[in-house]
Amino acid sequence: MGLFEPVDAADLAWDTIRLALEPFPGLPGIPEVPASALAVTDGPGLGAAAPRLTSPALAWRYRIDESRLDGGALQAVTTALAEVKRTPPAPGMSTSTSLDAALVRFDGQLRAVSALLAVVQAGLVATLLGLIALAAALAVERRREEFALLRARGGTVATIGGRALAESLVVLPLATAAGWLLATYVPGRPAATGWLVVGAGAVATLVIPALAAASQRRLSFTARRQDLVRHRPSTRRLTAELFFLLVAGLGAYLLRRRGLSPDGGVDPYLASVPVLLAVGAAIVALRVFPWPLGQLGRLAARARGAVAFLGLARAGRGAPVTIGPLAVLVVAIATGIFSGVVMSSIGDARDRATDLEIPADAQVSGYAFGPEVAGRLAAVPGVTAVAPVTVDPATQFTTGAGNTASVQVAAVDAEALARVAAASGTGVSLPAALVDARPGSGPIPAVVSPDVAAELGASGGAATIRSRSYDFTVAAVADAFPGVGSPSGRFIVLPRQALPDPAVIAPDQFLVAGDASPEALRAASATGATVTVTTWTDHRRDLDQTGANEVLSFTFTIGAVGATALALLAVGFTVLAGARVRGQVLSRLRTLGLSGRQGRGLLVYELVPLVTIAVLAGGLVGVFLPRVIGPALGLSSFTSGAVVRTALDPLLVGAVLVLVVAALAAAVVVENVINRRMRLGEVLRVGEGAQ
């Protein structure tokens, strides 16, 4: 036995035996809190000390190698820990650990991240499949005359499909395999997505032959207008659209009732509900937009210049606003905005959680501070307000009927806390009855949790804090109280300034407003025991760095960036799809004096309705989607239990506007490249002028 010096006092091995490093000197005048320390010795030393100890006890501590834990082993480790706690290794021994609770919380966060990742992944995959379909439709449209010539020479639909399939088999499976191999070099543990790779490769390979064969089912040798669509859809199509909307609505209902992973895995149908809702919004927008677009066209017809009228007229006839490009754009924009809204909503909830847990610029925590500490803290340069808080986590209260129950009781100087919250700018509000409470002859007003209020009824009770009992009456009921955390959710908060003898209840924490340094606060509150200073900024940063936050941030980043890139690709494919017809129109208009700048303006006017409708529909879906499916995502596990409310970041609105401008700019660039390759002056060849 002897003195020692730790090699690393901050090592985790000392976390639960801090008395070995910092002996507690006890509190003068409080005999129930004597001085205490921890001795470190060997076997012979323990044998020599045992006769002098009243009840020696042995304990073994086991550390877990966290580097060997991964998400797939959490359930097995939690089950093993529960089994060890349930069956001690020997009679008279017990096992205690909080690792199982920590793993359960982390597992809940992983499940929530998996749900979010499934939603974002479904949106990105659906957008990719839509882009594949748009690219295939563009390839088939450009070869329509070739396929029609094959049909005219006696080729069957199967022959055309087989020829297109043979061409696709040469390129697309190899490209899919190359993409999969490149993805294996991305850091991280690979997921079981082999079926997704095979499915994407199969769709990419088969979609062109399928569309090529379908386009030649009806043999026709007459040219057709490609810029017209039927504004009165058939009964069959309307029925299919209504059925699709019904399936999307039913999926949203089931998602709220059952959650995203009712059996531990992710349900593909429920994970695709956001995509179904986005496509449903595109269908509704496609049926609604012709009327306002027609009104804009009439206004443009009365204005000077023909560019706006021609562009809106082409858009009103369905070029390029069709269900394919619109659905792809809506899904991409909805996925990106959903990611941004959830990210800003979680950030807002974390801010509110931090305001509730630390409603000040800093929190000084210790045990039974002396009466002079408050004055020393107030004298620290930069401190503008100080509020003392005393928390007794395991005490009792008595109802008017004489029943007793366990509860956490806190004594808070509510008047000082109101000044601290106002000076810190946390924005928390306190009940006026607590702030205005003063010492008197009647019961003390108190704030209680809902379950305690239900047990008390209309009458008040008596609360015990630090072995002293105080009669109180219920002044307000709240789910939580700023600065007073309660793991059990059961609490009673008394106004410290209204107690008849507040000086005898030593505070164990102070809430401080001001820009004082943590070192200065720690030095001013030092009493021999360990003092912890936690700033609002540090606590907020800890919420951003806990649990599966890195995966969460990665999910949001991939959702926002991926959706933006895919939306720009969708606009590019839309421009490519109408490039041939638009080139003929521009060539005719050039003969009437249309300038190159006006030609680019014509493209912008054509695309503005498509982009505007997609942004409105996708934006509405992305903003309201967290509110619709939020309960199934378990977002509160990332916010320290705070309720996640839909919060729209102004930067997100600005990003959407930038996306609109970028999409139109990209469309103009693609159009210029196409026009240079097509040589607009040579587009009107013999026989094309009558089309």
Side-chain angles (χ1 to χ4, degrees), residues 113-137 168 172-173 175-184 186 188-208 210-211 244 247-248 251-252 255 260-261 265-283 323-340 342 551-552 554-573 614 617-618 621-622 625-626 629 632-633:
V113 167
S114 299
L116 283 171
L117 186 59
V119 172
V120 174
Q121 187 181 38
L124 296 179
V125 169
T127 306
L128 282 173
L129 294 178
L131 288 176
I132 291 174
L134 290 179
S168 299
L172 295 178
T176 303
W180 178 76
L181 288 176
L182 289 176
T184 58
V186 176
R189 187 179 60 185
T193 54
W195 62 270
L196 184 61
V197 175
V198 174
V203 170
T205 304
L206 298 177
V207 65
I208 292 181
L211 292 178
F244 188 92
V247 171
L255 187 57
L260 190 60
S261 54
V266 177
D267 190 320
Y269 169 57
L270 297 181
S272 63
V273 166
V275 176
L276 299 178
L277 292 176
V279 177
I283 293 174
I323 187 58
L326 182 60
V328 174
L329 267 177
V330 169
V331 173
I333 293 174
T335 302
I337 292 182
F338 169 78
S339 301
V342 173
V551 183
L552 187 70
F554 174 78
T555 300
F556 291 149
T557 303
I558 290 297
V561 175
T564 301
L566 296 179
L568 294 177
L569 284 175
V571 173
F573 278 120
V621 173
L625 196 57
I629 68 173
L633 299 178

Q: Would you give the length of the straight line joining atom CD1 of I629 to atom CG of L255, rounded to the nearest 0.5 angstrom?
A: 5.5 Å
Q: Looking only at non-hydrogen atoms, find the nearest pair between V331 and A126 and report the distance.
A: CG1-CB, 4.2 Å
Q | Reported CG-to-CG distance for the pair L211 and L206, which is rounded to 0.5 angstrom | A | 11.0 Å
Q: Could you tell me the separation between the CG atom of L552 and the OG1 atom of T557, rounded to the nearest 0.5 Å?
A: 9.5 Å
**Q.** Over 12 foreign heavy atoms within 6.0 Å of CZ, F554
**A.** no
Q.
Under the rule for side-chain contact (heavy atoms from CB on, under 4.5 Å), what residues qualify as partners of F244, not counting sequence neighbours?
A. L276, V279, I283
Q. How far apart are the closest heavy atoms of V330 and A278, and which atoms are they?
A. CG1-O, 3.2 Å
**Q.** Minimum heavy-atom distance between G123 and T335, given as atom pair plus value
**A.** CA-OG1, 3.4 Å
(Q) Give me the atom names and distance for the closest heavy-atom approach of V342 to P626. (A) CG2-CG, 3.8 Å
Q | Residues which pass side-chain contact (heavy atoms from CB on, under 4.5 Å) with T176, listed by chain and number, not counting sequence neighbours | A | V197
Q. Looking only at heavy atoms, which two atoms of A332 and A563 are closest? And how far apart?
A. O-CB, 3.0 Å
Q | Spatial distance of atom CG (L568) from atom CG (L329) [nearest 0.5 Å] | A | 9.0 Å
Q) When rounded to the nearest 0.5 angstrom, what distance separates CG in L569 from CG in L134? A) 10.5 Å
Q.
Please evaluate residues I558 and L124 with respect to the criterion side-chain contact (heavy atoms from CB on, under 4.5 Å), reporting the C-alpha separation (whole Å), side-chain torsions for both, the decisive distance (0.1 Å), and the verdict.
A. CA-CA 9 Å; I558 290 297; L124 296 179; 3.7 Å; yes
Q.
A252: which residues meet the side-chain contact (heavy atoms from CB on, under 4.5 Å) condition with it, sequence neighbours left out?
A. V273, L277, V628
(Q) Apply side-chain contact (heavy atoms from CB on, under 4.5 Å) to residues F338 and L116 and explain how you reach the verdict. (A) CA-CA 10 Å; F338 169 78; L116 283 171; 4.1 Å; yes
Q | Closest non-hydrogen atom pair, A271 against A118 | A | CB-CB, 4.2 Å
